[in-house]
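What follows is a short report on a single structure.
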Amino acid sequence: MKVVVTRALPPATLAPLADLGEVWVSPHDRPLTTDELRDAVPGANAIVSMLNDRIDESVLAAAGSQLQIVANTAVGYDNLDVGAIARHGATATNTPGVLVDATADLTMALLLDVTRRVSEGDRLVRSGQSWSWDIGFMVGSGLQRKQLGIVGMGHIGRAVAKRAAAFGVDIVYHARREQGDDIGRRVPLDELLATSDVVSLHCPLTAETRHLIDGPALNRMKAEAFLVNTARGPVVDENALAEALATGGIAGAALDVYEHEPDVHPGLRNLGNVVLAPHLGSATIETRTRMAELAVENVVGMLVGGGPITPIAVPSQ
Ligand code: DGY
């Protein structure tokens with residue numbers, strides 16, 4: 001058996017693969033280029049991919065018909081052509097569940113940062129500029145009795161709702177399904193955008209959600225509202241966001257993900273009312289280790305027996 005791991009993972013998490021045969025781990029401290037990916041996969045029975053690897057027809061063709069599984073080391077799988085993987089006779093898996101708390105925690109960190117201007121204050125202090133306390137100095141926005149609008153009420157959206165409720169925030173959400181408990185009020189997206197003080201994105205990136213938050217959507221938001229995105233960058237039209245932030249269309253944004261990641265729109269980098277994090281949603285040692293373990297467990301389940309633990313459902317055509 002041959003397993004291709006496209007980026008180094010904690011060595012201990014790869015130990016269960018040792019008995020399977022050859023394990024090729026990328027030696028690079030960066031994502032593989034498409035050519036490098038195609039060069040690495042021929043003969044692979046399993047590919048352990050990262051969220052920045054595009055696994056498409058060309059990579060699958062290069063791998064060959066013996067490929068049985070593409071195990072993505074992420075819950076999001078917009079980087080995988082799941083239909084093509086199925087047509088190829090292989091299974092795609094992801095890592096749901098294990099990063100819910102870490103991502104919800106980071107969402108709250110970003111939400112608090114942008115509304116209370118923590119990073120902005122940090123930049124001010126580091127700059128050496130003089131400053132002194134006064135009644136209006138660097139005032140931000142409180143959360144109590146404000147409304148948080150959650151777009152996408154999966155496990156992470158719900159975990160954010162629970163945390164935000166502890167801050168005294170009212171919750172509304174936009175989701176396909178009613179949650180059936182008292183987590184918040186389900187409302188149409190337009191209403192959520194028009195009435196929320198903070199909008200937080202927790203939907204997957206799909207054809208329907210690409211640029212869900214575009215110019216007209218941002219125009220619907222209140223001028224004093226904030227946008228938080230820990231989902232996927234292309235859910236937001238970054239040009240439109242930079243424009244809205246620069247012209248006072250909305251008050252601020254906190255972003256963990258980018259439309260052309262890792263590049264960040266220059267218009268966002270230069271604005272004071274934006275917090276920019278480098279895709280840290282799942283970045284705790286415990287969570288990243290568990291993600292790697294689950295990806296490897298999926299490979300072992302597929303190649304040795306028992307089946308993959310967290311297969312991705314193939315969309316019906
Ligand atoms: C995921 O798993 O999709 C996250 O974006 C990783 O941080």
Side-chain angles (χ1 to χ4, degrees), residues 5-10 13 26 29-32 47-56 69-82 85 91-111 113 150-160 163 175 200-210 212-213 227-236 238 253-264 275-299 308-313 315:
V5 184
T6 65
R7 190 87 185 249
L9 293 176
T13 66
S26 168
D29 190 18
R30 56 165 174 76
L32 294 175
I47 301 172
V48 178
S49 57
M50 307 301 133
L51 57 81
N52 35 26
D53 300 316
R54 176 95 201 114
I55 307 293
D56 57 13
I69 179 170
V70 177
N72 211 35
T73 316
V75 65
Y77 53 85
D78 46 281
N79 60 311
L80 307 183
D81 185 338
V82 175
I85 293 170
T91 299
T93 62
N94 65 342
T95 60
V98 299
L99 45 80
V100 171
D101 287 326
T103 308
D105 288 350
L106 188 89
T107 302
M108 291 308 295
L110 291 178
L111 193 162
D113 188 332
I150 297 182
V151 179
M153 204 55 151
H155 294 291
I156 297 173
R158 291 172 65 85
V160 169
R163 283 158 174 76
S200 192
L201 306 178
H202 299 287
C203 52
L205 173 62
T206 62
E208 291 78 45
T209 63
R210 185 174 293 274
L212 183 71
I213 306 300
L227 178 72
V228 180
N229 188 8
T230 56
R232 281 292 183 267
V235 175
V236 177
E238 270 183 13
L255 309 173
D256 189 40
V257 288
Y258 303 93
E259 192 171 350
H260 305 290
E261 204 168 304
D263 296 335
V264 178
V275 177
L276 303 170
H279 206 144
L280 297 178
S282 61
T284 68
I285 183 70
E286 297 84 359
T287 300
R288 288 281 170 85
T289 303
R290 193 59 205 116
M291 287 165 70
E293 285 171 351
L294 182 52
V296 167
E297 285 163 14
N298 275 316
V299 170
I309 298 164
T310 48
I312 297 168

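Whatever order the structure lists them in is the order used to number ligands and atoms, beginning at 1. Quick caveat, the model's predicted, so the values are computed rather than measured.
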Practice problem: May I ask you to check whether A74 has an N/O atom sitting below 3.5 Å from an N/O atom of ligand 1? | Solution: no
Exercise. Heavy-atom distances under 4.0 Å are what count here, so tell me which part of L99 touches ligand 1: side chain, backbone, both or neither.
Key: side chain
Quiz item: Under 3.5 Å between some N or O of ligand 1 and some N or O of R232?
Solution: yes
Practice problem: Examine H279 against ligand 1 and note whether any of their N/O atoms are separated by less than 3.5 Å. | Solution: yes
Quiz item: Going by distance alone, is a donor N or O of one side chain under 3.5 Å from an acceptor N or O of the other, for T230 and T107?
Solution: yes
Self-check item: Nearest neighbour in protein (non-hydrogen) for atom 2 (O) of ligand 1
Solution: V75 N, 2.7 Å
Quiz item: What's the shortest distance from atom 6 (C) of ligand 1 to any protein heavy atom, and which residue and atom give it?
Solution: S282 OG, 3.4 Å
Quiz item: Can you find an N/O atom of L51 closer than 3.5 Å to an N/O atom of ligand 1?
Solution: no
Quiz item: With a 4.0 Å cut-off, would you call R290 and E297 a salt bridge?
Solution: yes
Exercise. Quick one: pull up CG in L205 and CG in L51 and give me the separation to the nearest 0.5 Å.
Key: 11.5 Å
Quiz prompt | Residues in salt bridge (Lys or Arg N to Asp or Glu O under 4.0 Å) contact with D78, at least two apart in sequence or another chain | solution = R232
Quiz item: Does an N or O anywhere in T73 fall below 3.5 Å from an N or O of ligand 1?
Solution: no
Practice problem: Quick one: closest heavy-atom pair of G281 and D256, and the distance? | Solution: N-OD2, 2.8 Å
Exercise. Sequence neighbours left out, what pairs pass salt bridge (Lys or Arg N to Asp or Glu O under 4.0 Å) with at least one residue falling in residues 275-289?
Key: none
Quiz item: Of the options V228, L212, L227, which is the one that meets L201 in a side-chain contact (heavy atoms from CB on, under 4.5 Å)?
Solution: L227
Quiz prompt | Numbered atoms and elements of ligand 1 in range of G76, under 4.0 angstrom, heavy atoms | solution = 1 (C), 2 (O), 3 (O)
